[in-house]
Amino acid sequence: MNTGGAAPGAPLLVEKFLIHGNDFEHGGDVAAQVKALLKQLGVSPDTVRRLSIANFEAEMNVIMYALDGEFVLQVFADAIRVTLTDRGPGIPNIELAMQEGWSTATPEMRARGFGAGLGLPNIKRNSDEFEINSTVGSGTTLRYGIYLR
Ligand SMILES: Nc1ncnc2c1ncn2[C@@H]1O[C@H](COP(=O)(O)OP(=O)(O)O)[C@@H](O)[C@H]1O
Ligand SMILES: [Mg+2]
């Protein structure tokens, strides 16, 4: 498919959002903005739901564990993809971090209802593509996407 002269395979829409570490006050704002945008674009309710679950978990992980992050939404003709790059401590053991129930959340975070250790597994479960890369002492890059019919 060629869309208005854009390069084949190029995103139809790109939106960037900044997320600040420890900013619980605005926790979920990016996921909410993206949800509204996807609805506006006419994305199916099931896709919006799955992506919103993933987006919220990814956003909260930056707020809880990183200094800051850049959330990039790319809408393609056949998929929606998110790349979230953060500056932070990184994840020493990704296999462990991907396990359900494993969390380094502080007692304060748990008191806010976070720290069930289900965020990363839920992002993976709700995505068709999933990739996580992390460098200890530098940061984490999370990529996930959902295919459109
Ligand atoms: N962006 C990140 N930077 C550093 N560590 C992270 C990041 N995201 C997740 N982690 C680590 O992976 C663990 C598991 O994450 P997750 O599955 O979302 O569960 P939870 O957030 O409830 O702890 C976290 O407790 C944390 O140790
Ligand atoms: Mg989490």
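Keep in mind it's a predicted model, so treat the numbers as computed, not measured. We count ligands from 1, going down the list as the structure has it; atoms in each ligand are counted the same way.
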- Is the closest N or O pair between Ala116 and ligand 1 shorter than 3.5 Å? yes
- Query: So, is the end of the Arg81 side chain (NZ or CZ) under 6.0 Å from the ring centre of Tyr144 and within 45° of the ring's axis?
  - Reply: no
- Under 4.0 Å from one or more heavy atoms of Asn61, ligand 1 contributes atoms 8 (N), 9 (C), 18 (O), 21 (O)
- Query: What's the shortest distance from atom 12 (O) of ligand 1 to any protein heavy atom, and which residue and atom give it?
  - Reply: Ala97 CB, 3.5 Å
- Nitrogen or oxygen atoms of Glu57 and ligand 1 under 3.5 Å apart: no
- Task: Report yes or no: do Tyr147 and Leu12 belong to one cluster of Ile/Leu/Val/Met/Phe/Trp/Tyr joined by side chain heavy-atom distances under 4.5 Å?
- Result: no
- How does Met64 reach ligand 1, if at all, at less than 4.0 Å between non-hydrogen atoms: by side chain, backbone, both, or neither? side chain
- Report the part of Ala66 in contact with ligand 1, treating N, CA, C, O as backbone and CB onward as side chain, heavy atoms under 4.0 Å; options are side chain, backbone, both, neither. neither
- Interfacing atoms of ligand 1 (cut-off 4.0 Å, heavy-atom, Trp102): 14 (C), 27 (O)
- Do me a favour and list the nearest non-hydrogen protein atom to atom 27 (O) of ligand 1 with residue, atom name and distance? Thr104 OG1, 2.5 Å
- Is the Phe71 ring parallel, tilted or perpendicular to the Phe17 ring (thresholds 30°, 60°)? perpendicular
- Item | Residue portion contacting ligand 1 (non-hydrogen atoms closer than 4.0 Å) for Ile91 | side chain
- Query: With a 4.0 Å cut-off, would you call Asp128 and Arg50 a salt bridge?
  - Reply: yes
- Interfacing atoms of ligand 1 (cut-off 4.0 Å, heavy-atom, Pro121): 17 (O)
- Query: Between Leu120 and ligand 1, does any nitrogen or oxygen pair lie at a separation below 3.5 Å?
  - Reply: yes
- Rounded to the nearest 0.5 Å, how far apart are CG of Asp23 and CE of Met64? 13.0 Å
- Message: Using a 4.0 Å heavy-atom cut-off, which part of Asp86 comes near ligand 1: side chain, backbone, both, or neither?
- Response: side chain
- Carboxylate-amine/guanidinium contact Arg125 Glu100, below 4.0 Å: yes
